[in-house]
Amino acid sequence: MAGRFADVARVLKSEVGYREGFSGGHWNNKQKYSSAVPGLEWSDYQAWCATFVSWAFQTAGLPRGSYPVTASCATATNWWKQRGRWSEYPAIGAQVMFGPGGGSHTGIVIAYDANTITTIEGNTNSSGSAEGDGVYRKTRQRRDAYVYGYGYPDYPGGITSADPTWKNPIEEGPMAGMTKQDVFDAVWKPDQIAGPADAADHKTNPTWQPQNILKDLQARVRSTDKRVAAMSAAITALAGQVGKGADTKTIVAAVTAAIETAVETAVIDVNINTKES
C-alpha cells in the first residue's frame with residue numbers, strides 16, 4: 001500500500017545530500033522539486049523547503065488532499081489547522097513548522113524522543129538555516145522556541161504521535177483478522193514443489209503441497225522402522241539358534257518367523273493427523 005510513512009521515509013532518506021544550484025559565487029535556490037509538483041512550477045529559484053515537503057508526500061504516494069501542496073510555510077500551517085490535523089506535539093511522519101506562526105521553515109519528522117526531533121529538511125544547511133543549500137538530516141530540540149508545531153498527514157492506519165489527546169493507531173499482530181480457514185489455506189495450499197521421482201503418487205501428483213510431503217515422510221519412516229525391527233529380530237533369533245547348535249533349516253525357519261512377528265508388531269508412532277496410527 002503506497003502512501004505509508006515507510007514510503008515517505010524512503011523518499012526522504014534518498015534525498016539527503018542533494019544540493020541546489022550554485023552560480024555567481026552563491027547558492028541560487030535552483031532545484032529539481034518545483035518542476036515535479038503540478039502547480040508549483042513557478043517556485044523554482046524561490047525558497048523551497050515547503051516545496052520539498054509537498055514533493056516528498058507526492059512522491060511517496062500520499063493522495064492529494066491528505067497534505068498541503070504549497071511553497072509557503074504559512075499556507076501549510078493554516079492548511080493543517082483548518083482541517084483539525086494540527087498539534088504542538090511531534091508525530092512520526094508529521095510536517096514540522098518552524099518560526100513565528102510556523103511561517104519560516106519546514107521539514108518532516110522521521111523520529112522523536114522525549115527531548116528531540118529528528119527531521120529531514122530541504123533548503124537548509126549544517127547549521128539549520130531556513131535559507132540553506134540542500135537536503136539535510138537534522139536533530140533539533142523539541143521545546144526550542146523555533147519549533148512552532150506539527151501538521152499530521154492522513155496516513156493509512158493513522159499516525160503515531162506524542163500528543164496525549166491524539167488517537168494513535170492500534171498495532172495489530174500479523175494474524176489479525178485471519179479466520180481458521182485462512183490459517184488452514186496458508187499451511188496446506190501454497191507453495192507447491194516438485195515431488196521426488198520415487199514417490200508412490202509421483203505420476204498422478206508431480207507437484208506436492210505440504211500435506212503430500214508429510215504423508216510421504218510418514219510412509220518412509222514407517223518403512224524404515226519395519227526394516228530395523230526385522231533386522232533386530234533376525235539377529236536375536238539367529239544368535240539364539242546358534243547357541244542351541246540347531247541345523248540350518250531350523251535356523252532359517254526361526255529367523256523367518258521372528259522377522260514376520262517383528263514387522264507385524266512394530267510400534268510405528270508417526271502421525272500427521274488423528275485418523276491414522
Side-chain angles (χ1 to χ4, degrees), residues 5 8-60 62 64 67-82 85-113 115-153:
F5 169 67
V8 175
R10 173 181 50 79
V11 169
L12 291 171
K13 292 175 182 178
S14 70
E15 295 302 302
V16 173
Y18 174 83
R19 297 294 181 264
E20 65 183 42
F22 190 85
S23 61
H26 59 85
W27 302 102
N28 60 18
N29 281 328
K30 170 64 178 175
Q31 32 71 34
K32 64 181 181 180
Y33 306 111
S34 293
S35 61
V37 181
L40 298 185
E41 296 87 352
W42 61 269
S43 65
D44 203 8
Y45 291 100
Q46 310 295 317
W48 52 277
C49 58
T51 299
F52 173 70
V53 169
S54 296
W55 174 87
F57 286 146
Q58 170 188 282
T59 304
L62 270 71
R64 282 216 170 190
Y67 62 92
V69 178
T70 178
S72 166
C73 293
T75 298
T77 299
N78 291 333
W79 191 96
W80 294 117
K81 288 182 175 182
Q82 289 168 4
R85 303 195 65 84
W86 178 260
S87 176
E88 296 180 356
Y89 293 85
I92 303 298
Q95 181 175 7
V96 56
M97 313 306 301
F98 298 104
S104 300
H105 183 56
T106 188
I108 297 177
V109 177
I110 61 170
Y112 68 84
D113 60 26
N115 299 307
T116 66
I117 55 172
T118 301
T119 63
I120 293 180
E121 306 166 18
N123 195 31
T124 189
N125 55 25
S126 57
S127 64
S129 170
E131 185 57 70
D133 54 44
V135 179
Y136 289 77
R137 179 186 176 114
K138 307 296 298 180
T139 298
R140 298 177 182 268
Q141 294 299 309
R142 273 180 57 172
R143 294 166 184 81
D144 192 310
Y146 187 54
V147 178
Y148 180 69
Y150 306 84
Y152 290 3

Check whether any side-chain N or O of T106 sits under 3.5 Å from a backbone N or O of V96 as a donor-acceptor pair, and report yes or no. yes
Compare all side-chain heavy atoms of E131 with those of N123 and state whether any distance is below 4.5 angstrom. yes
pair Q46-N29: side-chain heavy atoms closer than 4.5 Å: no
Decide yes or no on side chain to side chain donor-acceptor pair (under 3.5 Å) for T116 and D113, but give the supporting numbers first. CA-CA 6 Å; T116 66; D113 60 26; 3.0 Å; yes
Within the structure provided, determine whether Q58 and Y33 are in side-chain contact (heavy-atom separation under 4.5 Å). no
Which atom pair, heavy atoms only, marks the closest approach of P153 to A94? CD-CA, 3.9 Å
Nearest heavy-atom pair of V11 and W55: which atoms, and what distance? CG1-CZ3, 3.5 Å
Assert yes or no for the condition that the ring centre distance of Y150 to Y112 is strictly below 6.0 Å. no
Kindly indicate whether the side chain of T118, heavy atoms from C-beta on, has any atom under 4.5 Å from the side chain of R137. yes
Any K13 side-chain heavy atom under 4.5 Å of I120 side chain: yes
Specify the closest pair of heavy atoms between C49 and G122, including all atoms of both residues, with the distance to one decimal. CB-O, 3.3 Å
Check whether any side-chain N or O of K138 sits under 3.5 Å from a backbone N or O of S126 as a donor-acceptor pair, and report yes or no. yes
Nearest-0.5 Å distance that lies between atom OG1 in T77 and atom OH in Y148: 7.0 Å
Could you check if a side-chain atom of F5 sits within less than 4.5 angstrom of a side-chain atom of I110, using non-hydrogen atoms only? yes
Taking every heavy atom of N125 against every heavy atom of S129, the minimum-distance pair comes out as OD1-N, 3.0 Å
Relative to each other, are the rings of W48 and F52 parallel, tilted or perpendicular (30° and 60° limits)? perpendicular
Taken to the nearest 0.5 Å, the spacing of I117 CD1 from I92 CD1 works out to 10.5 Å
Of all the heavy-atom pairs spanning R19 and W27, show the shortest one and how long it is. CB-CZ3, 4.0 Å
Just so I know, are the side chains of Q95 and Y67 near enough to count as touching, which here means a heavy-atom distance under 4.5 Å? no
Please report the closest heavy-atom contact between W80 and F57, naming both atoms and the distance. CZ2-CE1, 4.4 Å
Validation row: E15, K32 side chains within 4.5 angstrom (heavy atoms): yes
Can you classify the ring geometry of Y146 versus F98 as parallel (below 30°), tilted (30 to 60°) or perpendicular (above 60°)? parallel
Which value, rounded to the nearest 0.5 Å, describes the distance between E41 atom CD and S35 atom OG? 7.5 Å
Checking the side chain of S54 only, and the main-chain atoms of P68 only, is there a donor and an acceptor separated by less than 3.5 Å? yes
Just how far is it from atom CG of L12 to atom OG1 of T59, taken to the nearest 0.5 Å? 9.5 Å
Y18 atom OH, neighbour heavy-atom count above 12 within 6.0 Å: yes
What's the separation between atom CG in D44 and atom CG in N28, rounded to the nearest 0.5 Å? 8.5 Å
